[in-house]
Amino acid sequence: MSKPIKHSEANSDFFDRVYQVVRLIPEGRATSYGAIAKYLGAARSSRLVGYAMNGAHVHNDIPAHRVVNRNGMLSGKHHFPPHKSMEQLLSNEGIVVADDQIQNWKNVFWNPEEELRL
DNA sequence: CACTTGACTTATT
DNA sequence: TAATAAGCCAAGT
């Protein structure tokens, strides 16, 4: 059997998996694109994670604000709506953000490989 | 159908 | 330490 391809929807398994992981991020925590990518088995596809986030806005259960780059910097804050900025959402969960960067990032970092522990 | 861009990361110079 | 190159995959032009 080959693959059941839909003709109007891209069978982007990657994106769906990214969304699944992002949904699992607990409140008050955050993770990085690379961590998710690595968890999915493609550490070098971290760009896809970010790109997936770009399409995440159509989903309502994707806390994209909990996903930042590996430095804990809010690289995607410019893609958030003005009334609910990334920094505001994070701060709302108890995460301290200063200068577009998560403070105590090492502590806030949520590693799916460790937390989900396969 | 080919080329460019993108919310990244790692390795190399 | 900073700058550059390469790698990954999808969507847009």
Side-chain angles (χ1 to χ4, degrees):
Chain A
M1 285 76 91
S2 306
K3 48 193 325 193
I5 301 178
K6 292 196 171 185
H7 99 97
S8 260
E9 281 185 32
N11 54 326
S12 41
D13 308 331
F14 236 88
F15 283 41
D16 272 351
R17 286 180 197 155
V18 171
Y19 299 143
Q20 292 291 339
V21 176
V22 174
R23 282 196 197 108
L24 295 173
I25 302 175
E27 193 175 303
R29 296 276 198 193
T31 189
S32 66
Y33 305 97
I36 296 173
K38 188 174 181 183
Y39 175 72
L40 298 178
R44 289 184 150 130
S45 310
S46 38
R47 297 213 274 194
L48 279 304
V49 179
Y51 203 77
M53 295 285 96
N54 209 356
H57 74 94
V58 298
H59 302 262
N60 295 36
D61 299 57
I62 310 296
H65 60 274
R66 295 185 188 145
V67 184
V68 296
N69 68 3
R70 81 163 190 92
N71 294 317
M73 184 170 156
L74 282 54
S75 45
K77 77 167 202 168
H78 293 290
H79 295 260
F80 274 80
H83 60 281
K84 279 196 174 186
S85 66
M86 205 171 180
E87 181 176 339
Q88 187 179 343
L89 290 169
L90 290 171
S91 182
N92 211 17
E93 298 181 357
I95 299 178
V96 182
V97 180
D99 195 23
D100 299 339
Q101 202 172 279
I102 295 180
Q103 301 303 297
N104 200 13
W105 166 239
K106 186 175 65 177
N107 185 40
V108 177
F109 180 67
W110 178 81
N111 189 344
E113 289 191 295
E114 297 224 353
E115 300 293 336
L116 301 183
R117 271 295 188 91
L118 295 185

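Chain identifiers are assigned alphabetically (A, B, ...) following the order of the sequence lines, protein sequences preceding nucleic acid strands; residue numbering begins at 1 within each chain.
Residue A:Met86 places its side chain closer to B:dA7 than to any other of B:dA11, B:dA7, B:dG6. Among B:dA7, B:dT9, C:dC9, the nucleotide with an atom closest to any side-chain atom of A:Ser46 is B:dT9. Distances were taken from every side-chain heavy atom of A:Phe80 (C-beta onward) to each of B:dC8, C:dA10, B:dA7; the shortest belongs to B:dA7.
Taking atom CG on A:Leu48 and atom C1' on B:dA7, their separation rounds to 12 Å, with Å as the unit. Rounded to whole angstrom, the span from the CZ atom of A:Phe15 across to the P atom of C:dC8 amounts to 16 Å. Between A:Tyr39 atom OH and C:dC8 atom C1' there is a gap of 20 Å when expressed in whole angstrom units. Between the NE2 atom of A:His78 and the P atom of B:dA7 there is a distance of 10 Å, rounded to whole Å. In this structure, A:Tyr19 places its OH atom 12 Å from C1' of B:dA7, rounding to the nearest Å. If you take OH of A:Tyr51 and C1' of B:dG6, they are 6 Å apart, rounded to a whole angstrom. For A:Arg17 and C:dA10, the CZ to C1' distance is 15 Å, given to the nearest whole Å. The distance from atom NZ of A:Lys38 to atom C1' of C:dC8 is 16 Å, rounded to the nearest whole Å.
Nucleotides B:dT4 and C:dA6 place their P atoms 15 Å apart, quoted to the nearest Å. Straight-line distance between the P atoms of C:dA5 and B:dT5: roughly 15 Å, to the nearest whole Å.
Residues of residues 65-72 of chain A that place a heavy atom closer than 4.0 Å to DNA chain B, in numerical order, are A:Asn69, A:Arg70. Scanning residues 53-60 of chain A for heavy-atom distances under 4.0 Å to DNA chain B yields A:Met53, A:Asn54.
Within 4.0 Å of A:Ala64, counting heavy atoms only, lies at least one base atom of the nucleic acid.
The nearest heavy atom of DNA chain B to A:Tyr33 and to A:Arg44 marks one nucleotide each, and the one closer to the 5' end goes with A:Tyr33.
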Apply side chain to side chain contact (heavy atoms under 4.5 Å, CB included) to A:Leu40 and A:Val18, showing your working. CA-CA 8 Å; A:Leu40 298 178; A:Val18 171; 3.5 Å; yes
Does A:Ile102 form a side chain to side chain contact (heavy atoms under 4.5 Å, CB included) with A:Phe109? I'd like the steps, not just the answer. CA-CA 10 Å; A:Ile102 295 180; A:Phe109 180 67; over 6 Å; no
Would you please test A:Val97 and A:Gln103 for side chain to side chain contact (heavy atoms under 4.5 Å, CB included) and show each step? CA-CA 6 Å; A:Val97 180; A:Gln103 301 303 297; over 6 Å; no
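The main-chain N or O of A:Pro112 is never found under 3.5 Å from a side-chain atom of A:Glu114 such that the two would form a donor-acceptor pair. Side chain of A:Trp105 to main chain of A:Arg70: a donor-acceptor pair is present (N/O by atom type, distance under 3.5 Å, no hydrogens or angles). Judged by distance alone, with hydrogens and angles left aside, the side-chain atoms of A:Ser45 form no donor-acceptor pair with the main-chain N or O of A:Ala37 at under 3.5 Å. Looking only at distances, a side-chain donor or acceptor of A:Arg66 sits under 3.5 Å from a matching main-chain atom of A:Ile25.
Using a 30° and 60° split on the angle between ring planes, A:Phe15 and A:Tyr51 fall in the perpendicular class, above 60°.
In DNA chain B, the stems built from three or more successive Watson-Crick or G-U pairs (distances below 3.5 Å) are B:2-6 with C:9-13, B:8-13 with C:2-7.
Nearest heavy atoms, A:Phe14 versus A:Ala42: CZ-CB, 3.3 Å.
Between A:Tyr33 and A:Met53, the closest side-chain pair of non-hydrogen atoms falls below 4.5 Å.
Test A:Asn111, A:Thr31, A:Val21, A:Val49 against A:Tyr39 for side chain to side chain contact (heavy atoms under 4.5 Å, CB included) and you get one pass: A:Val21.
Grouping the Ile, Leu, Val, Met, Phe, Trp and Tyr side chains by contacts below 4.5 angstrom, directly or via other members, places A:Leu48 with A:Ile36.
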